[in-house]
Amino acid sequence: MPELPEVQTVLDGVQSVLNGRVLAGLESYYPGTVILDPELSDDAFPSRLDKATRRGKYMLFQLDSGVTMIVHLRMTGKLVYDSQAMETHKHERARILLEGGEAIRFIDPRTFGKITLLKSENLEYYMPKLGPEPLSEEFDANYLHLILAGRSAPIKNLLLDQRLIAGLGNIYVCELLFRAKVRPQRPGKSISRKESRLMVKHAKAVLQEAIKVGGTSISDFRRIDDKTGEFQNFLQVYQQKECPKGHALENIRLGGRSSFYCPVCQR
DNA sequence: CAATGATCCTGTCCGC
DNA sequence: TGCGGACAGGATCATT
């Protein structure tokens with residue numbers, strides 16, 4: 001489900017829910033969903049939220065007990081706020097307990113999502129090495145051109161590699177490649193400096209537009225308040241039949257993922 | 001190191 | 001209606 005704009009949308013929602021509230025605990029209902037740092041202190045809870053941040057598709061909740069909670073939604077994870085959470089939902093894998101019976105449910109049918117609770121000073125050990133944030137200044141034409149040099153893999157696969165750029169996923173890569181008029185199967189090293197500049201520009205634009213409207217709600221993505229995002233209404237190629245100019249789109253598989261592109265507009 | 005494919009799971013959709 | 005197969009927004013591990 002969630003790429004950078006969706007994760008940012010969820011993070012903003014969770015932050016407003018947690019603001020001023022006391023976190024009482026974390027319950028796990030499915031083996032492997034919750035990961036606990038062996039060095040975790042016993043007094044992780046009760047605590048309050050110090051700071052909520054996003055790194056790529058990871059949400060980081062820094063608690064004032066010296067503990068950090070990392071949430072990754074992977075494909076189908078959702079966070080759902082309930083003012084009175086009683087029986088567990090069918091796909092509820094974990095629950096963040098708040099004071100007074102309130103809770104944030106972690107719903108995840110495919111069980112790929114993870115919540116990690118760790119001593120804040122061990123954060124580096126628990127976070128993978130990620131590339132720059134696509135919305136940061138560090139991600140510019142120079143950087144992109146540099147990491148593409150000498151690479152024979154398709155540009156789409158490289159843009160999805162979180163070690164190179166952190167936060168892009170299948171939907172937004174399809175969209176930015178269309179806007180930059182670059183075919184997804186082009187080898188990284190074949191991308192010109194000019195095309196690198198266009199891809200950077202359009203990556204930032206498409207992400208910012210999506211954040212502005214609360215992300216893309218394909219299938220069942222929801223904000224924590226259960227509202228849908230709106231960016232699915234602005235997709236130009238992902239899961240579409242034709243491009244805005246009316247050309248029939250191709251859908252090929254790259255790295256095991258469906259890749260929509262326009263054979264006329266993209267070169 | 002780079003590239004590719006399999007894998008972790010469950011639900012949904014499509015064709016027969 | 002039922003069944004089998006393909007597919008799904010992600011990341012990691014093994015293999016070549």
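Below, chains carry the letters A, B, ... as their sequence lines are ordered, and counting in each starts from 1. Excluded from the calculations below are hydrogen atoms, water molecules and symmetry mates; all remaining heavy atoms, backbone and side chain alike, are included.
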Asker: Which whole-number value in Å describes the distance from Gln232(A) CD to dA8(C) P?
Answerer: 18 Å
Asker: Can you establish whether the number of heavy atoms outside Glu137(A) located under 6.0 Å from its atom CD is more than 12?
Answerer: no
Asker: Determine whether a donor-acceptor pair (N or O, by modelled atom type, separation under 3.5 Å) exists between the side chain of Gln62(A) and the backbone of Ala52(A).
Answerer: no
Asker: Does the side chain of Lys194(A) come within less than 4.5 Å of His145(A)'s, by heavy atoms?
Answerer: no
Asker: Note every stem involving DNA chain C: at least three consecutive Watson-Crick or G-U wobble pairs, i with j then i+1 with j-1, with both distances under 3.5 Å.
Answerer: B:2-8 with C:10-16, B:10-16 with C:2-8
Asker: Output the rounded distance in Å from CE (Met75(A)) to C1' (dT7(B)).
Answerer: 12 Å
Asker: Does some side-chain heavy atom of Ile165(A) sit less than 4.5 Å from a side-chain heavy atom of Leu144(A)?
Answerer: yes
Asker: Nearest whole angstrom, please: distance from the C1' of dA8(C) to the CD1 of Ile171(A).
Answerer: 10 Å
Asker: OP1 or OP2 of dA8(C) sitting under 4.0 Å from any side-chain N/O of Ser258(A)?
Answerer: yes
Asker: Let me know the distance between CG of Asn251(A) and C1' of dA6(C), rounded to the nearest Å.
Answerer: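 That distance rounds to 12 Å.
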Asker: Can you list every pair that meets salt bridge (Lys or Arg N to Asp or Glu O under 4.0 Å) and has a residue in residues 162-186 of chain A, with sequence neighbours left out?
Answerer: Asp161(A)-Arg163(A), Arg179(A)-Glu209(A), Arg186(A)-Glu195(A)
Asker: Is the backbone of Gly66(A) close enough, under 3.5 Å, to the side chain of Ser120(A) for a donor and an acceptor to pair up by distance?
Answerer: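 Yes: the side chain of Ser120(A) pairs with the backbone of Gly66(A).
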Asker: Any non-hydrogen side-chain atom of Glu6(A) less than 4.5 Å from a side-chain atom of Phe231(A)?
Answerer: no
Asker: To the nearest Å, give me how far apart CG (Asn170(A)) and C1' (dA11(C)) are.
Answerer: 13 Å
Asker: Out of curiosity, does Val264(A) fall in the hydrophobic cluster containing Phe260(A) (side-chain heavy atoms, cut-off under 4.5 Å, transitive links)?
Answerer: no
Asker: Pick base, sugar-phosphate or nothing for Tyr238(A), based on heavy-atom distances below 4.0 Å to the nucleic acid.
Answerer: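 Sugar-phosphate, backbone atoms only, no base.
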Asker: Report, one pair per line, the protein and nucleotides 12-16 of chain C atoms (nitrogen or oxygen only) whose separation is under 3.5 Å.
Answerer:
none

Asker: Could you go over nucleotides 11-15 of chain B and give all protein N or O partners under 3.5 Å, atom names and distances?
Answerer:
unit_1	atom_1	unit_2	atom_2	d
dG11(B)	OP1	Lys90(A)	NZ	3.1
dG11(B)	OP1	His91(A)	NE2	3.2

Asker: Between P on dA8(C) and CG on Leu254(A), what's the gap in Å once rounded to a whole number?
Answerer: 12 Å
Asker: Listing request: all ring-ring contact (aromatic ring centres under 6.0 Å, His included) pairs with a residue in residues 175-218 of chain A, at least two apart in sequence or in separate chains.
Answerer: none
Asker: Donor-acceptor pair, Lys204(A) side chain versus Phe139(A) backbone, under 3.5 Å?
Answerer: yes
Asker: Would you mind reading off the distance between Glu3(A) atom CD and dA11(C) atom C1', rounded to a whole angstrom?
Answerer: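 Going from Glu3(A) (CD) to dA11(C) (C1'), I get 13 Å.
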Asker: If you restrict it to nitrogen or oxygen atoms, what contacts under 3.5 Å exist between nucleotides 3-6 of chain B and the protein, and what is each distance?
Answerer:
unit_1	atom_1	unit_2	atom_2	d
dA3(B)	OP1	Ser152(A)	N	2.6
dA3(B)	OP1	Ser152(A)	OG	3.1
dA3(B)	OP1	Ala153(A)	N	3.2
dA3(B)	OP2	Arg151(A)	NE	2.5
dA3(B)	OP2	Arg151(A)	NH2	2.7

Asker: For the P atoms, the ones on dA14(C) and on dC9(B), what distance do you get once it is rounded to whole angstrom?
Answerer: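 About 16 Å, rounded to a whole number of Å.
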Asker: Main chain of Leu4(A), side chain of Gln8(A): is a donor-acceptor contact present, judged purely on distance under 3.5 Å?
Answerer: no
Asker: Tell me the interatomic distance from Ile35(A), atom CD1, to dC8(B), atom P, rounded to whole angstroms.
Answerer: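 Rounded to the whole Å, the gap is 17 Å.
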Asker: Is there ring stacking between Phe112(A) and dG10(C), where the centres must be under 5.5 angstrom apart and the planes under 30 degrees?
Answerer: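 Yes; by the centre-distance and plane-angle rule, Phe112(A) counts as stacking on dG10(C).
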Asker: Hey, quick one: are Met59(A) and Leu36(A) part of the same hydrophobic cluster, counting side-chain heavy atoms closer than 4.5 Å, chains of contacts allowed?
Answerer: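 Same cluster: Met59(A) reaches Leu36(A) through Ile, Leu, Val, Met, Phe, Trp or Tyr contacts under 4.5 Å.
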Asker: Indicate yes or no: does Arg74(A) engage Asp108(A) in a salt bridge with an N to O separation below 4.0 Å.
Answerer: no
Asker: Please work out if Arg253(A) contacts a base, only the sugar-phosphate, or nothing of the nucleic acid, heavy-atom cut-off 4.0 Å.
Answerer: sugar-phosphate
Asker: With a 3.5 Å distance limit and no angle check, can you tell me whether Gln266(A) reaches the backbone of Val182(A) through a side-chain donor-acceptor pair?
Answerer: yes
